[in-house]
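Some notes on the structure that comes next.
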There are 2 protein chains.
Amino acid sequence: MIAEKGLAGLKTRDLAREIGCANGAVYNLVADVDELILRVGSRTLRRLDEALTGAEGAGAASPQETLIRIAIAYCDFAAENLELWRALFEHRMERGKIVPDWAISEQMELFRHIYRPLAALFPDRSPDELGITARSLFSAVHGMVALGLEQKLVAVPLPALRNEIAALVRATLLGLVVPAR
Amino acid sequence: MIAEKGLAGLKTRDLAREIGCANGAVYNLVADVDELILRVGSRTLRRLDEALTGAEGAGAASPQETLIRIAIAYCDFAAENLELWRALFEHRMERGKIVPDWAISEQMELFRHIYRPLAALFPDRSPDELGITARSLFSAVHGMVALGLEQKLVAVPLPALRNEIAALVRATLLGLVVPAR
DNA sequence: AAAATTTTTGAGCGACGCTCAAATTTCTCT
DNA sequence: AGAGAAATTTGAGCGTCGCTCAAAAATTTT
């Protein structure tokens with residue numbers, strides 16, 4: 001239901017009808033919709049992880065090219081799973097409620113894909129520094145995908161978005177790898 | 001109310017009580033909450049525009065430095081106006097309803113700040129190309145701010161986030177300006 | 001087959017955005 | 001000033017939402 005109509009299109013009553021049980025029975029499976037959404041997010045993250053792993057392993061490539069591939073794979077996954085991917089970031093917990101640890105650690109796992117090529121590219125950097133760079137790079141690409149796929153601004157055709165992402169990642173890595181200046 | 005409790009904390013009944021009128025009277029001022037949120041967003045965008053203008057004009061600087069200043073000003077504005085700034089991007093119109101033109105063009109205006117220094121930096125690029133680069137750069141910085149200020153992932157201290165943003169913008173511009181490779 | 005336990009049910013609760021006939025206020029004209 | 005017209009304000013109420021919980025139904029145990 002999230003995949004079809006977005007987070008806002010998920011209604012417990014519709015859900016109960018679809019799985020063939022009473023409204024109240026939904027809460028035998030799940031404490032509340034927050035948990036439901038987190039569980040769906042977990043599945044989405046797993047599929048995203050697989051997509052990124054696939055991009056990583058597709059033929060030998062320089063660390064730079066690998067990172068570009070990963071970025072584009074991220075973009076493609078978001079485009080192909082638009083509502084599910086959005087649900088990962090749009091969802092806000094009820095005020096005061098805390099995101100469970102397992103949901104957080106799942107997100108952290110994603111950086112692993114970026115971390116390895118980065119480590120190859122910057123052998124002198126500490127793990128901490130690499131972690132920071134990895135998050136920065138991920139965040140930057142994420143922002144491009146997020147705003148690029150938003151129809152609020154002018155819609156960007158997907159191939160154009162891919163090119164922009166590739167160009168930005170390439171330039172950023174180039175700028176990072178050149179220390180003299 | 002949005003500034004204090006976020007988009008989800010905005011209730012028409014509370015609003016009516018606060019401004020001292022009946023529940024229904026809210027709809028004499030505004031067609032629905034969507035319009036209300038867009039109007040608040042308009043104010044936020046105007047203040048953001050002023051903040052970026054301030055960063056631009058603060059002393060002579062190279063285009064690179066200017067762009068870094070703007071990026072950091074964006075980060076600071078988001079941090080200081082967290083909920084209002086989030087409302088700009090979290091809000092989704094009711095399904096099928098279209099964002100009015102004035103709201104879209106307001107957002108486009110923001111790129112103006114980035115466009116000018118970029119044009120100075122890349123005199124050979126066409127206006128179209130510059131527009132694309134401007135949006136890419138904005139999106140990347142936006143992503144860093146958005147994920148950096150999210151407490152869902154590990155909270156990043158603001159000064160550290162500023163440094164990461166400055167480093168990324170610097171590296172990206174450096175990579176973009178070096179064509180030979 | 002009776003009793004104990006577990007599971008399912010759906011009416012119902014409070015809160016939400018929003019509507020609209022009626023009440024009230026404000027304006028207009030002699 | 002006062003009567004009639006026009007505009008504004010009111011708040012009960014509608015449909016929908018997530019969620020609850022006593023009662024009904026199904027299942028397991030004895």
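Reminder, nothing fancy here: chain letters follow the sequence lines and each chain counts from 1.
Contact between the side-chain N/O atoms of A:Asn23 and the OP1/OP2 oxygens of C:dA11 is not found at any separation under 4.0 Å.
Comparing D:dG11, C:dG17, D:dC17 by their nearest atom to the side chain of A:Lys11 picks out D:dC17.
Straight-line distance from the CZ atom of B:Arg13 to the P atom of C:dG14: 14 Å, rounded to whole Å. Look at CG on A:Leu15: it is 16 Å from C1' on D:dT16, rounded to the nearest Å. In this structure, A:Leu10 atom CG and D:dT16 atom P are separated by 17 Å, rounded to whole Å. A straight line from CG of A:Leu7 to P of D:dC17 spans 15 Å, rounded to a whole angstrom. What separates NZ of A:Lys5 from P of D:dC17 is a distance of 10 Å, to the nearest Å. D:dG11 atom P lies 13 Å from atom CG of B:Asn28, rounded to whole Å. Protein atom CE of A:Met1 is 10 Å distant from nucleotide atom P of D:dC17, rounded to whole Å. In this structure, B:Tyr27 places its OH atom 14 Å from C1' of D:dG13, rounding to the nearest Å.
A donor-acceptor pair is defined here as one N or O able to donate and one able to accept, closer than 3.5 Å; such a pair exists between the side chain of A:Glu35 and the backbone of A:Ala31. A donor-acceptor pair is defined here as one N or O able to donate and one able to accept, closer than 3.5 Å; no such pair exists between the side chain of B:Ser42 and the backbone of B:Leu38.
If you check every strand for non-hydrogen atoms under 4.0 Å, B:Leu29 touches nothing.
Interatomic distance, CG of B:Leu168 versus OG of A:Ser136, reported as 6.0 Å (0.5 Å rounding).
The shortest side-chain heavy-atom distance between A:Pro63 and A:Leu118 does not fall under the 4.5 Å cut-off.
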